[in-house]
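The next block holds one structure in the form of structure tokens; read it before the comments.
By convention in this document, chain letters (A, B, ...) are assigned in the order of the sequence lines, proteins followed by strands, and residues within each chain are numbered from 1. Computed over heavy atoms, backbone and side chain alike; hydrogens, waters and symmetry mates excluded.
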Amino acid sequence: MKYWLLKTEPSTFSIEDLEQAPQRTTSWDGVRNFQARNMLRDGMRAGDRAFLYHSSCKVPGIVGIVGIVSAGYPDRSAFDPKDPHFDPAGDPRTPRWYAVDVRLERRTKRVITLEDLRRHARLALDGLVLLRTGNRLSVMPLTAAHWHFILSLE
DNA sequence: GCCAACGTTGGC
DNA sequence: GCCAACGTTGGC
């Protein structure tokens with residue numbers, strides 16, 4: 001089983017939206033970055049778990065835990081001209097973008113803020129991709145050690 | 001709103 | 001293959 005972190009802007013899609021989704025499950029689509037795509041397509045498997053992270057908001061941080069319920073599959077939003085993430089260069093025969101399905105497991109007991117995480121950047125969370133300067137990945141892997149340490153901050 | 005950092009594009 | 005220009009991300 002692997003551990004991940006998924007970023008989302010709550011003004012676009014928040015943990016409240018996920019709570020209200022049928023089965024508390026949604027397609028994690030619209031990712032348009034090759035490095036992140038590779039992780040969705042090649043790295044994630046059903047049974048993996050991920051932190052849900054709110055970015056570009058008042059208090060950026062981890063707000064919940066989701067389970068990956070399906071491995072990567074071609075992201076159909078890339079082929080929909082009306083979708084904001086439409087990719088005009090896309091060809092359904094050779095899908096370029098991928099999505100996974102995620103189900104909300106639970107909210108964290110409190111928001112584990114970016115500030116909280118930074119406090120441990122030099123020791124327990126050394127190497128955490130999220131804390132790398134200029135990091136822009138919306139999908140990133142976590143070590144088991146980082147996962148458990150972050151949970152201990154709850 | 002600002003700006004640093006990054007990814008992508010396209011000319012050469 | 002290089003790299004400048006551009007667009008985007010995301011914290012502040």
Side-chain angles (χ1 to χ4, degrees), chain A residues 2-21 26-44 48-66 68 71-102 104-143 145-147 149-154:
Chain A
K2 298 206 194 85
Y3 299 103
W4 307 92
L5 184 145
L6 298 172
K7 265 190 216 169
T8 181
E9 295 187 21
S11 59
T12 304
F13 187 86
S14 69
I15 192 165
E16 288 82 7
D17 296 323
L18 184 52
E19 266 178 334
Q20 283 155 28
T26 193
S27 176
W28 202 263
D29 59 11
V31 174
R32 298 290 181 267
N33 167 283
F34 288 104
Q35 227 181 317
R37 184 281 309 272
N38 292 346
M39 291 186 264
L40 295 175
R41 187 187 60 186
D42 309 326
M44 286 192 186
D48 288 357
R49 298 169 83 199
F51 286 128
L52 197 66
Y53 178 92
H54 278 177
S55 67
S56 293
C57 56
K58 195 157 179 203
V59 184
I62 291 167
V63 294
I65 296 170
V66 300
I68 308 302
Y73 55 88
D75 179 352
R76 293 189 9 247
S77 74
F79 304 121
D80 177 0
K82 290 190 289 288
D83 192 283
H85 299 289
F86 174 61
D87 177 6
D91 176 350
R93 289 167 303 178
T94 55
R96 182 141 65 140
W97 305 115
Y98 280 71
V100 296
D101 288 344
V102 303
L104 180 64
E105 205 169 287
R106 64 176 178 87
R107 284 182 180 253
T108 46
K109 292 170 200 149
R110 63 181 192 88
V111 178
I112 305 169
T113 66
L114 180 59
E115 194 188 355
D116 293 330
L117 299 173
R118 280 201 204 289
R119 209 166 282 136
H120 302 278
R122 296 253 153 219
L123 291 166
L125 295 179
D126 184 43
L128 187 71
V129 177
L130 183 75
L131 300 179
R132 259 186 351 213
T133 48
N135 163 64
R136 292 165 52 184
L137 268 183
S138 64
V139 178
M140 64 191 84
L142 270 83
T143 65
H146 285 169
W147 175 272
F149 181 80
I150 291 169
L151 277 182
S152 80
L153 298 177
E154 260 191 311

Rounded to whole Å, NE2 of A/H85 lies from P of B/dT8 at a distance of 16 Å
Quick one: is C/dT9 close enough that its OP1 or OP2 comes under 4.0 Å of any side-chain N or O from A/Y53?
-> no
Could you tell me the separation between the CG atom of A/D87 and the C1' atom of C/dG7, rounded to a whole number of Å?
-> 16 Å
Rounded to the nearest angstrom, tell me the gap between atom CZ in A/R132 and atom P in B/dG7.
-> 9 Å
Return the nearest nucleotide to the side chain of A/R118; candidates are B/dG7, C/dG10, C/dC12.
-> C/dC12
How long is the line joining CG of A/L131 and P of C/dG10, in whole Å?
-> 14 Å
Write down the distance between CG (A/L5) and C1' (C/dT9), rounded to a whole number of angstrom.
-> 15 Å
Distance flag, aromatic centroids of A/Y73 and A/W97, threshold under 6.0 Å = no
Determine the contact category for A/S56: base if any of its heavy atoms lies under 4.0 Å from a base atom, sugar-phosphate if only primed atoms, P, OP1 or OP2 are that close, otherwise nothing.
-> base
Take atom CG of A/L137 and atom P of C/dG10, then tell me their distance rounded to the nearest Å.
-> 9 Å
Rounded to whole Å, the CG-P distance (A/L114 to C/dC12) equals 6 Å
When rounded to the nearest 0.5 angstrom, what distance separates CH2 in A/W147 from CG in A/L128?
-> 12.0 Å
Report the distance from atom CZ of A/R96 to atom P of B/dT9, rounded to the nearest whole Å.
-> 7 Å
Considering only B/dG7, C/dG11, B/dT8, which nucleotide approaches the side chain of A/Q35 most closely?
-> B/dG7
Heavy atoms under 4.0 Å, any strand shown: does A/T133 hit a base, just sugar-phosphate, or nothing?
-> sugar-phosphate
Considering residues, nucleotides and ligands other than A/R96, do more than 12 of their heavy atoms fall under 6.0 Å from its CZ?
-> yes
May I ask you to check whether over 12 heavy atoms, not counting those of A/R106, lie within 6.0 Å of atom CZ?
-> yes
